[in-house]
Amino acid sequence: QVRLVESGGGLVQAGGSLIVSCAASVRTFNNYAMGWFRQAPGKEREFVAGIDWSGGRTYYADSVKGRFTISRANPKNTIYLQMNSLKPEDTAVYYCAARDTGSLAYEDVNYKYWGQGTQVTVSS
């Protein structure tokens, strides 16, 4: 089983920055494409950012382009989401997800493993 554990969520003021991380239990972490999703109260889960097995390809939702950056540190079995210029509408539970293949994907149905989520709250 692949275990994903998110951390780093919290409360931040609008315009501020926050980094959330996801640690994976697998030893072959570099074989997996990874992604971040989020779900706000009363809203559907949405794709935020994805990264391929090597980190060479990334893709972002239009709502976060230019503000969020996904990265991975394969030797640490960890991915990160750096969130800048945060807005109240970014408030959500952020979920880390992993594919069982290495190519980038944009939809949650393409991800096999999921973390428990970490709460990010942006105050106005």
Side-chain angles (χ1 to χ4, degrees):
Q1 296 292 314
V2 174
R3 180 175 172 83
L4 305 174
V5 180
E6 301 97 333
S7 62
L11 176 65
V12 63
Q13 296 183 51
S17 298
L18 196 67
I19 300 175
V20 292
S21 61
C22 173
S25 64
V26 295
R27 300 177 69 178
T28 56
F29 178 71
N30 60 314
N31 291 336
Y32 287 26
M34 304 289 294
W36 286 99
F37 293 78
R38 68 185 183 186
Q39 187 167 25
K43 301 292 183 66
E44 297 179 358
R45 179 181 288 178
E46 64 175 342
F47 172 80
V48 176
I51 190 165
D52 75 345
W53 69 273
S54 69
R57 293 182 174 87
T58 59
Y59 186 78
Y60 298 91
D62 288 341
S63 60
V64 305
K65 284 181 179 177
R67 299 189 298 121
F68 290 12
T69 302
I70 187 172
S71 62
R72 66 189 300 157
N74 288 344
K76 296 182 178 180
N77 285 7
T78 304
I79 66 165
Y80 303 92
L81 185 68
Q82 183 179 28
M83 300 178 286
N84 299 325
S85 301
L86 282 162
K87 305 173 182 179
E89 52 263 44
D90 294 318
T91 295
V93 177
Y94 284 72
Y95 295 93
C96 174
R99 300 194 70 191
D100 58 359
T101 61
S103 58
L104 186 65
Y106 320 116
E107 298 181 359
D108 55 4
V109 295
N110 294 306
Y111 289 83
K112 185 175 182 179
Y113 306 105
W114 293 82
Q116 81 289 344
T118 186
Q119 176 71 47
V120 173
T121 302
V122 184
S123 62
S124 60

Output for pair (Tyr111 OH, Met34 CE), nearest 0.5 Å, gives 8.5 Å

Any chance you could lay out the side chain to side chain donor-acceptor pair (under 3.5 Å) test for Ser103 and Asp52, step after step, and finish with the verdict?
-> CA-CA 5 Å; Ser103 58; Asp52 75 345; over 6 Å; no

Can you tell me how far CG of Leu86 sits from OG of Ser124, rounded to the nearest 0.5 angstrom?
-> 13.0 Å

Would you please classify the geometry between the Tyr59 ring and the Tyr106 ring as parallel, tilted or perpendicular, with 30° and 60° separating the classes?
-> tilted

Flag yes if more than 12 heavy atoms outside Lys43 fall under 6.0 Å of its NZ atom; otherwise flag no.
-> no

Could you state the interatomic distance from OG1 (Thr101) to CG (Asn110), rounded to the nearest 0.5 Å?
-> 8.0 Å

Mind checking whether Tyr95 and Trp114 have parallel, tilted or perpendicular rings, split at 30° and 60°?
-> perpendicular

Judged by atom type as modelled, is there a donor-acceptor pair below 3.5 Å linking the side chain of Glu6 to the main-chain atoms of Cys96?
-> yes

Mind running side chain to side chain donor-acceptor pair (under 3.5 Å) on Tyr32 and Arg99 for me, showing each step along the way?
-> CA-CA 6 Å; Tyr32 287 26; Arg99 300 194 70 191; over 6 Å; no

Separation of Arg67 CZ from Gln82 CD (nearest 0.5 Å) | 12.5 Å

Check: Gly55 main-chain N/O paired with Arg72 side-chain donor or acceptor under 3.5 Å | no

Quick check: does any side chain N or O of Thr91 sit under 3.5 Å from a backbone N or O of Val122, one acting as donor and the other as acceptor?
-> yes

Is it true that Asp90 and Lys87 make a salt bridge, defined as a side-chain N closer than 4.0 Å to a carboxylate O?
-> no

Do other residues, nucleotides or ligands put more than 12 heavy atoms under 6.0 Å from Arg45 CZ?
-> yes

